[in-house]
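First up is the structure itself, then whatever we jot down about it.
Hydrogens, waters and symmetry mates are skipped; everything else that's a heavy atom, side chains included, is used.
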Amino acid sequence: MTNQLLGRLERVELRDIWTSEATSFTPWLARPENITILGETLNIDLELEAQERAVGPFRADLLCKDIDTDRWVLIENQLERTDHTHLGQLLTYASGLEAVIIVWIAARFTEEHRSTLDWLNKITNESFRFFGLEVELWRIGTSPAAPKFNIVSKPNEWSTSVAKAARVIDDGEQSETKLMQARYWAALNAKLDEIGGPISGKRKAQPQSWIHYRIGRSHMGIGGAMNTQKKQIRAELYLTGSPAKTIFGLLRDQKVEIERELGYALEWQELPDGQDSRIAVFLDQADPANESDWSRQLIWLAQRLNEMHRVFAPRVRDLTF
């Protein structure tokens, strides 16, 4: 039996740390390290797009994108018990955005509001997803308070799909991040044409966090993706739609041969909580926002994309699913 002294968790009042939603909690949540904590709770890679963004007659606290699907994620904060006013705002947001994930964060959810989110998830299609989260603060002794998010309501069979990504909102302007993304993919296309290979750079560069190229079969594509929060880029074979898990299993049976032919290991991500799957290789310490490092990143990414195309294309061509 250990004699080591253990600390005791003590709950901290939210208002002791965040005096208001607009001036304290929302700016805190908008910081990259805290958006990451929220994203880990939701199992979504989040990228902040805007704070206090106008949607219809209201202003959303935070507007993010799901990095993997380019889908809008709208976050509404409340440091008190949930109320009908905020519920009405959420429904207004849903009507104003044709495809969206809505996250309602509050100190405490009433049973009627939790039940309402559950009901909305039942009656809406895959274009709309509703999450309810309670936020808590805890500390041990004199340690800094630590946040904890608890999911009280989430979609049934929650999945994210590139094939069903939300359409981009036409607001007449693009953020600096979006402009950077479009330039980045244009530079990648130029690099692909420069080095030659099975993948051509004849692909329109879109202001989004990913770009995909055809591999000759439906429900899949070779692609590049960026994560500015994690300072990471990746090359991937992305599998979508109802056959994705079957295709993933058939390819995983060839894992040893595939990785031997490539000359490096891959991350085989079945993504069990969703419909899609991914087979990828990652480059860390690669910030897409650092344009001075683009040359290194784009050479790595172009080479990996061509290598993965050469290895996977003949294999997926022969698959029966």
Side-chain angles (χ1 to χ4, degrees), residues 8-30 34-44 46 51-53 55-64 66 71-140 145-160 166 272-275:
R8 180 176 178 178
L9 282 172
E10 297 179 358
R11 191 157 187 166
V12 179
E13 290 297 322
L14 300 184
R15 294 288 185 180
D16 290 346
I17 304 297
W18 301 304
T19 56
S20 77
E21 295 156 14
T23 63
S24 298
F25 183 70
T26 297
W28 173 87
L29 187 57
N34 301 323
I35 281 287
T36 298
I37 294 172
L38 177 62
E40 289 172 351
T41 302
L42 299 170
N43 197 27
I44 303 173
L46 294 174
Q51 289 181 237
E52 296 296 326
R53 169 66 177 272
V55 181
F58 301 111
R59 300 188 69 83
D61 290 332
L62 295 175
L63 189 64
C64 300
D66 178 344
R71 190 176 202 164
W72 291 108
V73 180
L74 190 147
I75 300 168
E76 186 68 13
N77 302 319
Q78 198 174 356
L79 289 178
E80 306 292 343
R81 185 179 65 177
T82 54
D83 57 38
H84 290 336
T85 299
H86 282 78
L87 176 60
Q89 290 177 210
L90 297 180
L91 296 177
T92 300
Y93 298 149
S95 67
L97 302 175
E98 290 188 8
V100 68
I101 300 165
I102 288 179
V103 181
W104 188 5
I105 301 175
R108 184 170 69 84
F109 268 76
T110 66
E111 181 58 28
E112 60 184 332
H113 291 141
R114 184 197 63 76
S115 297
T116 299
L117 292 189
D118 290 343
W119 175 74
L120 287 168
N121 281 319
K122 284 181 181 179
I123 67 169
T124 54
N125 62 24
E126 66 276 357
S127 296
F128 300 96
R129 294 290 184 263
F130 296 86
F131 284 90
L133 275 70
E134 291 183 341
V135 60
E136 300 173 344
L137 287 171
W138 296 86
R139 68 158 50 104
I140 299 176
K148 185 175 185 292
F149 294 104
N150 303 310
I151 296 178
V152 299
S153 179
K154 66 179 180 178
N156 295 326
E157 301 176 358
W158 162 239
S159 66
T160 57
D273 292 333
Q275 182 175 240

Residue list, side-chain contact (heavy atoms from CB on, under 4.5 Å) with [X], at least two apart or on another chain:
{"X": "Leu91", "value": "Leu120"}
{"X": "Ala30", "value": "Leu48, Gln51, Leu62"}
{"X": "Glu40", "value": "Thr36"}
{"X": "Trp28", "value": "Trp18, Phe25, Arg31, Asn34, Pro147, Phe149"}

With sequence neighbours excluded, tell me which residues meet side chain to side chain donor-acceptor pair (under 3.5 Å) with [X].
{"X": "Thr26", "answer": "Asn77"}
{"X": "Thr19", "answer": "Ser24"}
{"X": "Gln89", "answer": "Glu76, Tyr93"}
{"X": "Asn121", "answer": "none"}

If you measure from [atom1] on [X] to [atom2] on [Y], what distance do you get to the nearest 0.5 Å?
{"X": "Lys154", "Y": "Thr41", "atom1": "NZ", "atom2": "OG1", "value": "11.5 Å"}
{"X": "Ile37", "Y": "Leu29", "atom1": "CD1", "atom2": "CG", "value": "9.0 Å"}
{"X": "Phe128", "Y": "Leu90", "atom1": "CZ", "atom2": "CG", "value": "13.0 Å"}
{"X": "Leu14", "Y": "Gln78", "atom1": "CG", "atom2": "CD", "value": "11.5 Å"}

> Do the rings of His84 and His113 sit parallel, tilted or perpendicular, given the 30° and 60° boundaries?
Replying inline: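 Taking His113 first and then His84, their aromatic rings stand perpendicular (interplane angle over 60°).
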* To do: Give every residue pair that meets the salt bridge (Lys or Arg N to Asp or Glu O under 4.0 Å) criterion with at least one member in residues 104-117, sequence neighbours excluded.
  =>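 Residue pairs passing salt bridge (Lys or Arg N to Asp or Glu O under 4.0 Å), neighbours aside: Glu111-Arg114, Arg114-Asp118.
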Looking at every heavy atom in both [X] and [Y], which two are closest together, and how far apart are they?
{"X": "Ile35", "Y": "Cys64", "answer": "CD1-SG, 4.0 Å"}
{"X": "Ala106", "Y": "Thr82", "answer": "CB-CG2, 3.5 Å"}
{"X": "Leu133", "Y": "Val152", "answer": "N-CG2, 4.3 Å"}
{"X": "Ala22", "Y": "Pro27", "answer": "O-CD, 3.3 Å"}

According to salt bridge (charged side-chain N to carboxylate O under 4.0 Å, His left out), who are the partners of [X], at least two apart in sequence or on a separate chain?
{"X": "Arg81", "value": "none"}
{"X": "Glu80", "value": "Arg15"}
{"X": "Glu10", "value": "none"}

Side-chain contact test, heavy atoms from C-beta onward, threshold under 4.5 Å: evaluate it for [X] versus [Y] and give yes or no.
{"X": "Trp72", "Y": "Ile101", "result": "no"}
{"X": "Leu137", "Y": "Lys148", "result": "no"}
{"X": "Phe131", "Y": "Leu42", "result": "yes"}
{"X": "Val12", "Y": "Trp138", "result": "no"}
{"X": "Val100", "Y": "Leu74", "result": "yes"}

As a quick check of understanding, evaluate side-chain contact (heavy atoms from CB on, under 4.5 Å) for Phe130 and Val103, giving each step before the final call. CA-CA 6 Å; Phe130 296 86; Val103 181; over 6 Å; no
Are the side chain of Glu21 and the backbone of Leu79 linked by a donor-acceptor contact shorter than 3.5 Å? yes
_As a quick check of understanding, evaluate side-chain contact (heavy atoms from CB on, under 4.5 Å) for Leu38 and Ile105, giving each step before the final call._
CA-CA 10 Å; Leu38 177 62; Ile105 301 175; 4.1 Å; yes
